[in-house]
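Inspection log for the structure reproduced underneath, given as structure tokens.
We use all heavy atoms of the structure for the numbers below, so side chains are in, but hydrogens, waters and symmetry mates are not.
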Amino acid sequence: AQSVTQPDIHITVSEGASLELRCNYSYGATPYLFWYVQSPGQGLQLLLKYFSGDTLVQGIKGFEAEFKRSQSSFNLRKPSVHWSDAAEYFCAVGLYSGGGADGLTFGKGTHLIIQP
Amino acid sequence: DTGVSQDPRHKITKRGQNVTFRCDPISEHNRLYWYRQTLGQGPEFLTYFQNEAQLEKSRLLSDRFSAERPKGSFSTLEIQRTEQGDSAMYLCASSLIVAAETQYFGPGTRLLVL
């Protein structure tokens, strides 16, 4: 079965500084990879996704992620964080069958704190 | 596009009672998913439907849990004889049946079992 590891439970970053959130997955083949963000009282919002092709994917809100097959990683980055980026970030992997997505497997999340 | 909606947003119940949650997916989305999220954890997959057919159930879905999507539109998740361990956020998501399509999540129903 696939699994997702987000090694950092909490990360604190100063506003304006760069950010990298780590994600490692375990799966026999290349899964489909996602980053979601969850703010208090809000639902999960998709930041970006990777299925194939260019290993550097761009998402919303200035985020990007790089898929590295050799490291089984899909780390999320942002060059300059804003106070509004404070939230919980989840990495997820998915399988597809019958043309549609099966259930996603999520990591435990990384709580991002922004210092002024 | 009104997004995925869930009702109620919050539910407090006593142990042993039955509860039912509703999810309305984005219109024209064929697939509907249920997840459970406990405090400090990521969402865990419970089950999903393609139209009205329930295609997969996680081993997390005990016999006390049942989900339906009778007309291929909204879905209900019922928990019978609730236990304190059922306290969690129950999330619903929907997607199209298209390769590599995104799952869109609702705001969730937070359940507290006393």
Side-chain angles (χ1 to χ4, degrees), chain A residues 1-10 21 23-25 29-54 57 59-60 67 76 87-111, chain B residues 2-7 9-10 23-26 28-51 53-61 67 72 88-110:
Chain A
Q2 65 268 29
S3 66
V4 178
T5 301
Q6 293 181 247
D8 303 306
I9 298 174
H10 300 276
L21 302 182
C23 173
N24 293 95
Y25 67 90
T30 301
Y32 299 95
L33 299 159
F34 305 83
W35 276 99
Y36 281 86
V37 61
Q38 187 176 40
S39 299
Q42 303 294 316
L44 287 158
Q45 182 183 23
L46 179 72
L47 288 175
L48 45 76
K49 60 186 179 184
Y50 172 79
F51 298 118
S52 64
D54 192 347
V57 292
I60 62 171
F67 169 63
L76 182 71
E88 193 80 20
Y89 289 80
F90 293 97
C91 181
V93 301
L95 298 173
Y96 284 80
S97 63
D102 291 348
L104 298 178
T105 299
F106 284 83
K108 292 188 176 182
T110 297
H111 185 64
Chain B
T2 57
V4 179
S5 61
Q6 293 186 243
D7 184 69
R9 295 291 304 276
H10 303 272
C23 171
D24 286 88
I26 295 170
E28 88 264 6
H29 277 194
N30 313 89
R31 287 207 171 179
L32 185 148
Y33 311 79
W34 284 101
Y35 293 82
R36 180 177 69 187
Q37 184 177 20
T38 53
L39 206 60
Q41 302 294 315
E44 297 172 294
F45 169 73
L46 294 177
T47 187
Y48 83 87
F49 293 83
Q50 182 166 307
N51 299 313
Q54 190 172 16
L55 295 189
E56 185 181 353
K57 291 194 291 186
S58 161
R59 55 183 170 78
L60 293 176
L61 211 66
M89 177 78 85
Y90 290 84
L91 297 167
C92 177
S94 69
S95 75
L96 293 169
I97 308 177
V98 174
E101 188 55 33
T102 300
Q103 295 183 28
Y104 295 88
F105 283 81
T109 294
R110 184 169 295 281

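- Proximity to chain A is absent for every atom of B:E44, based on heavy atoms less than 4.5 angstrom apart.
- Of the listed residues (B:F105, B:W34, B:Y104), the one with the most heavy-atom contacts under 4.5 Å to chain A is B:F105.
- Contact annotation for B:L91: only side-chain heavy atoms (C-beta onward) come within less than 4.5 Å of a heavy atom of chain A.
- A:L44 CG to B:Y35 OH: the interatomic distance, rounded to the nearest 0.5 Å, is 9.5 Å.
- Rounding to the nearest 0.5 angstrom, the gap separating the CZ atom in A:F106 from the CD atom in B:Q37 is 8.5 Å.
- The residue among A:Q42, A:Q45, A:Q6, A:K108 with the most heavy atom pairs within less than 4.5 Å of chain B is A:K108.
- There is no contact between B:R110 and chain A, counting heavy-atom distances below 4.5 Å.
- Other residues, nucleotides and ligands contribute at most 12 non-hydrogen atoms within 6.0 Å of the CG atom of B:L39.
- Residue B:Q41 touches chain A through both its backbone and its side chain, counting heavy-atom pairs closer than 4.5 Å.
- The contact between A:Q38 and chain B is made entirely by side chain atoms (from C-beta outward), counting heavy-atom distances below 4.5 Å.
- With a 4.5 Å cut-off on non-hydrogen atoms, A:L46 touches chain B through its side chain but not through its backbone.
- Heavy-atom minimum distance, B:T102 versus A:Y36: CG2-OH, 4.0 Å.
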